[in-house]
Every structure is written in structure tokens, then in C-alpha cells.
Amino acid sequence: MSARTGCGAAGEALIGQELKFSGWVHRRRDHGGLIFIDLRDRSGLLQVVFNPEVARDAHDLAHGLRAEYVIEVSGSLGRRPEGTENPGIPTGRVELYAQRLAILNEAAPLPFGLEDQDTSETLKLRHRYLDLRRPQMQKNLIARHRAVKAIRDYLDSEGFLEIETPMLTKSTPEGARDYLVPSRVNPGQFYALPQSPQLFKQILMASGYEKYFQVARCFRDEDLRADRQPEFTQVDIETSFMDGDEIMRITEGMLAAAFHQVLDIEIERVPFERLSYKEAMERFGSDKPDLRIGREICDMAGPAQKGSFKVFLDAIEKGGRVLGLRGIGMAGLSRKEIDDLTNSVKEMGAKGLAWIKIKSGPGSPITKYDSPIAKFFPEEALREMAGKLKAEDGDMMLFVADSEKTAQAVIGKLRLELGKRYPVDFKEDEWRFCWITDFPLLEWDEEEGRFTAVHHPFTSPSDPDVPRIMDGDINDKELLSSLKAKAYDVVLNGCEIGGGSVRIHRQDLQSRMFSMLGISAADAQMKFGFLLEALQYGAPPHGGLALGLDRLVMLMCGAESIRDVIAFPKTAKAADLMSGAPSGVEPKQLRELHIKLDVPAAEEGGQ
RNA sequence: GGGGUGGUAGUUCAGUUGGUUAGAACGUCGGCCUGUCACGCCGAAGGUCGCGGGUUCGAGCCCCGUCCACCCCGCCA
């Protein structure tokens, strides 16, 4: 009777036994005579009954119990009297009849109730240790643990080795802004915290480890979002001698294992559906399509050209697009609702929203097109539009006309919004994975006046593009824009959860890649010299993938933000409200680092 | 860097056109209560209206600035 039993483990099988429990006072109901305590530990809740006729001392002591006191209580587990069962909790058919009570620690009144639903984010983060006591948060972190364990076990069974790479690394200006760490013993020099272990994992392939993975913390000094933290965790994978297909298969197996272990869900549709980047943009207006939503985007250039609506004709004239979307059952929308939609479309970057309602006349089967722009189109064009969109009576057709980039982006977002707001064809509880492949290798960066890598500079071009790159003119914008990458993203329910590529393993191609990116040979040598060097000494073909663990677990838990699956997250200003980081430091520390501050005194911050 | 929303009791919020003593619920504290499970009943305490300045006879409310939190754009794979 000395061992501790978990509250959640108290079931009918243990009835009649003398047991010991310890945990937190979740709720108390003091009737003066009988006292009921809901005792909470990691495993669940258990009702404890203090009865003066059973144990006078324990009952007297129990009067002093308050929320979140830490107690140890022992007694016999019994079946609840008929009619007092609580179907709301898993242990609701039993209760503990307390014989002995020990208060292990008292608790001051809490700044917020653990069960309050609307506690402000500030308060929860300030007292994260309390927030983390909430059963939901514990469930999330337990799910996270299970997911990581499932992934580790799976990769281990596939012959992968987990190898750690340094946290203090070399700064590489490509990509995101680095978090810098000053070096005390090298005055004026800095390490960077890794944005990812990218270069190291490639080096490990050159070193012959063949299959590497790591649950790796990564750091990026960029502005935050609900699904973005300054430090986050990637399941980082790299393999030698595998092509993209094989890496995708490993990833699918890994995700299937995680979903099986954590949620007891068997992922259907394996292998995952694959879409080229072009197709994803064309059908869904996004490179991370949410396939749970049925409706797709349609090109409306054909029927648009049969009409005289200037906005449409101009867009096409300028090489842009007219894209349409079916608004299922939206013919009844009020003018105000349409105005609201128009406004949100404008916020997304479009100039406006064109719409046509399809209605039957009262008591008449004749289709009417109700719209300020219907007059610009012959009946035949309107019918063609409806046909393409599969729009029927009671629907509304929505159109965005703009440059291809804007039109696709806007109507893609509109698709998500309508899919979720009018969820006729939105299967919310499905798990829809897909791969996006055939990404462009490079994209023009207006700001920098050069091409940048869409994935990263170590991504291999597609096989047919290799001779075009080696023999072609690297200043040829047409050529550079047309190159395809051996890169692939894995998308779940409209959320990019990972991405990877086959890497360049030949030194000459990698050097050529740097020139295309406008990185001089000297610069490349300075920044990535060790990689270029390693590629010279027998580097195998290799490639891999990085999975965003926080996002994946967030989706698995149905959480709104990755903060809910990270034990100690930071705010939108990258602050830790609990510990008070970041903060100023002692002048002595700065002197040792040879650092002088250049900030107005008021902004230096305290300790 | 830009835009939006919010900040009033420990917590979540209400607070009229600028007008007397800033309210409610929950929580807390005290009392009563032997089948509750959001226990119930009675009573009490609890406020620098984020901070600084301004307008006004008078500011929780209007104006300017600033800080913090959240969301979005830019940025970020």
C-alpha cells in the first residue's frame, strides 16, 4: 500500500483496495460534514471523500484545503453510491474514502483559475507553470512527447542515427536573420545560433553516416506569428543515395507512425497525393492547399473574353488572370455581406471582387443572373462560367481579376475563407496530406536585385536543368526563372509541415549555383567554404527533409497556436514573460565581450 | 517597419452625452451546511481605470505620446 497510484488509474478494478494518491486539490466542495475533493495529478482526476465518521483527523485537516494545495491522501477505493456517479470524468464511478491526509504544500490564491477559459495570454505566460498544470496543456505536451518518441522509434527502425550538431555555428547571411552570440575569447567575433542544421547534416553525409536525423532546435531572428516562434523544433533528416521518392516514402512512414502512436489514427491515402507547384497554384491558389475543402479555382479567361467587362479584359490584356470560385449557396447574401467580402478581398491585395448570383425567378425555372456585371456578358458566357464552376441555382460566382500572382493568392485565400465560413464542402475532421513538388529553383528578389533560392542554395536543380545551368548563360533571366528544383513540401490540411530537397553533391554545380545567386566565388568560399571543400572529397548524392515539429503537434492536438504545444514559448516580441528574457546584463559581462551598447539609456532594460 | 484589436477589483467584463460615492460575475476571506461534482445559503473585504502629458470647472470616457498582449502585412521555409 506504499506505492502511489495515479488518480486516472482509479477504476472499478481497484475497488476495495487500500491506496495512496498524491496530487493537487483541483476543486473542493466542503459541506461542513462531508468534504469532497477532486484530486488531480498528471493521469487525471479522482474524487476523494472526507467523512468525519470514517476519519475524524483527516476530515478536520481537510477543512483547511484550498485550490492547488499539494496533498497526499490514502484510504480505500470504493464504488460510488447509486445515483452519485459522475459520467463527466473517467473515474466517475469510484471515489476514495480518505483515512489519512497530509498537506505536502500549501498554495497561495492563484492569479487565475486553472479552469477559466478566457484568461489573458499575458497572465498565462507570466505564470506559465500554472498554465502548464491545465489538463489540456498536459495532454498537449504528452502528445508531443509521444509524437517525438514515435518518430525516433520509426527512424531508428529504418536505420537512422540521431547525431547532434553544434548550437554555436557560423553566421550565414542567406535566408533568415541570425541570432548572434558574441565570442569572449575571440574579441569582435560572433557565433550564430543555427537556423537549421542544414550544412552540418550535409557534411555528415559526406562523412558517410548515410542516414541521419535529429530533433533539432532552430533559431531565426524574424518577426513572430501564431505559428512562428524565434526558437522552434525541426525533425531534421538527411540520407545518402536516396532520391526524392524514397525520402518522401520515409516521411510518409514517419508521419503514419506518429499519427498511429499519438492519435491512434491510420492515415489513409498513403502514398500521399502529389501536386506540382504549378498545379497547386492553378487549382488552389496556394502552395499549401487545404484539400479538405472541395471547391477548386477555375480559369475564367474564356468566358471573360466573350464579354465587355473592362476589368476582366484589362487583366487578360496585361498578361494577368481572371479566376473564379463557386460560392456554394451564397445567392442569398445581402449587399452588406458582399461588401464585407469585397473588403476582405481588398485587404488581401486585390482591387475588388466581382460576383454573379444565380437565382431562379419566383415560381419560374428560368435562371436569372443577378449581378452588377451580368449585363457585360452574353447569356452564353454566363452559362459557360456557371458550367466551369459547377455553380447552380442558389450559388454565387466570385471572380478576381489581377496579375497572376495576386489573383491566385487572393482567390486562394478566398477559397479558404469561404470553405470555412460556408462549410458545405469542408470536411473539417479529415487529415489531408499532400506533397507539393517541382518548385521553381530560383525566384527574382526585387529588393536585392538578384535571384534567390526558393528553398535554399544547396537544392539540386532537376536533372534536365543541370546541363542548361552548366552550359547556359547564368545572367539569362528567362533561363533562371524556368529552372525546377528537386524540392518537395509536405502539407497537412493547408499547413506546411515540412519540406526538403535533394541536394547538390557536386562541387562544380554548387559553385555554379552560387554564381547564379550572385554570390562571388570569394564570398562562397568565405561563407560555405567548408561545404564546397567537403564536396570535393567524395560526397555521395544526398537529400533530406525537415519537419516542423511544433506545427505538426499543433495540428495533431487541434491547438490554435504553436504556443500551446511548446512548454515555454515567447510572446510576439520574442520575450519570455515568466523569466523576463531578454534583459540587460551587467556592465562587466559586456566588457568581457568587448561590447559597447549604442541604445538610449531608457531602452537598455534592467536586470 | 506598417495596419488592426485590446488594457477598468485577484480574474473575466460592463461603465450612457465628459458630471455626485466606478458596477456585475467568478475568485478570496468569515459563518452555516453529510452526497456534492461550476455544491448551496448568509455576510465581508477588495480599484494608481496600463503609464506620462494635455484639454476642461470637472476625464475611466476627449486629444497627444508611450508601454504591454494578441492578430495580420512586410520579413521568415
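Here is how names work: the chains are called A, B, and so on, in the same order as the sequence lines, proteins then strands, and each is numbered from 1. All of these numbers come straight from a predicted model, not from anything done at the bench.
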Interatomic distance, [X] [atom1] vs [N] [atom2] [rounded to whole Å]:
| X | N | atom1 | atom2 | result |
| --- | --- | --- | --- | --- |
| A:Phe36 | B:C33 | CZ | C1' | 12 Å |
| A:Glu53 | B:G35 | CD | P | 11 Å |
| A:Asn51 | B:U34 | CG | P | 11 Å |
| A:Ile37 | B:C39 | CD1 | P | 11 Å |
| A:His26 | B:A38 | NE2 | C1' | 11 Å |
| A:Asp38 | B:A38 | CG | P | 9 Å |
| A:Phe112 | B:C13 | CZ | P | 14 Å |
| A:Asp118 | B:G7 | CG | P | 14 Å |

Can a donor-acceptor pair be found between the side chains of [X] and [Y] at a distance below 3.5 Å?
| X | Y | answer |
| --- | --- | --- |
| A:Arg450 | A:Thr452 | no |
| A:Ser196 | A:Gln234 | no |
| A:His456 | A:Arg503 | yes |
| A:Tyr212 | A:Gln214 | yes |

Mind checking if [X] touches a base, just sugar-phosphate, or nothing, with heavy atoms under 4.0 Å?
| X | answer |
| --- | --- |
| A:Pro81 | base |
| A:Glu560 | nothing |
| A:Gln229 | nothing |
| A:Leu123 | sugar-phosphate |

Distance between the [atom1] atoms of [N] and [M], in whole angstroms?
| N | M | atom1 | answer |
| --- | --- | --- | --- |
| B:U11 | B:A69 | C1' | 16 Å |
| B:U36 | B:C41 | P | 14 Å |
| B:G10 | B:U55 | P | 31 Å |
| B:G31 | B:A24 | C1' | 24 Å |
| B:G60 | B:G19 | C1' | 13 Å |
| B:G30 | B:C67 | C1' | 40 Å |
| B:C37 | B:C42 | C1' | 22 Å |
| B:A59 | B:G54 | C1' | 11 Å |

- Which sits closer to the 5' end of RNA chain B, A:Gly32 or A:Glu115, going by the nucleotide each is nearest to? A:Gly32

- Judged by nearest nucleotide, the residue sitting upstream toward the 5' end of RNA chain B, A:Ala67 or A:Tyr97, is A:Ala67

- Task: Examine the base of B:U12 for any acceptor or donor lying under 3.5 Å from a partner atom in the side chain of A:Gln117, and report the outcome as yes or no.
- Result: no

- Item | Nearest listed nucleotide, side chain of A:Asp116, among B:U28, B:U11, B:U36 |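 Between B:U28, B:U11, B:U36, the one nearest the side chain of A:Asp116 would be B:U11.
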
- Item | Side chains of A:Pro289 and A:Cys434 in contact at under 4.5 Å (non-hydrogen atoms) | yes

- Report yes if some heavy atom in the side chain of A:Phe50 is under 4.5 Å from a heavy atom in the side chain of A:Leu65; otherwise report no. yes

- Message: Are B:U36 and A:His31 stacked, with the base six-membered ring and the side-chain ring centres under 5.5 Å apart and planes under 30°?
- Response: no

For [N], which nucleotide in any strand shown is its Watson-Crick or wobble partner with both distances under 3.5 Å?
| N | value |
| --- | --- |
| B:G60 | none |
| B:A25 | B:U11 |
| B:C70 | B:G4 |
| B:U48 | none |
| B:G40 | B:C32 |

- Task: Give the intermediate values and the outcome of side-chain hydrogen bond (donor to acceptor under 3.5 Å, both in side chains) for residues A:His63 and A:Asp30.
- Result: CA-CA 7 Å; A:His63 274 303; A:Asp30 187 342; 2.8 Å; yes

- Task: With A:Leu353 as reference, evaluate A:Val410, A:Leu414, A:Asp339 under the side chain to side chain contact (heavy atoms under 4.5 Å, CB included) test and give the passing residue.
- Result: A:Leu414

- Message: With side-chain hydrogen bond (donor to acceptor under 3.5 Å, both in side chains) as the criterion, how do A:Asp465 and A:Ser462 come out once you've worked through the C-alpha distance, each side chain's angles and the decisive distance to 0.1 Å?
- Response: CA-CA 5 Å; A:Asp465 283 333; A:Ser462 73; 2.9 Å; yes

- Item | Contact under 4.0 Å: A:Arg29 side-chain N or O vs B:C39 OP1/OP2 | yes

- Reading nucleotides 68-77 of chain B from 5' to 3' and marking B where a protein heavy atom lies under 4.0 Å of the base, S where only the sugar-phosphate is that close, and - otherwise, the string is SSSSSBBBBB

- Got a salt bridge between A:Arg80 and A:Glu12, using NZ or NE/NH1/NH2 to carboxylate O under 4.0 Å?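 Looking at A:Arg80 and A:Glu12, the cut-off is not met.
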
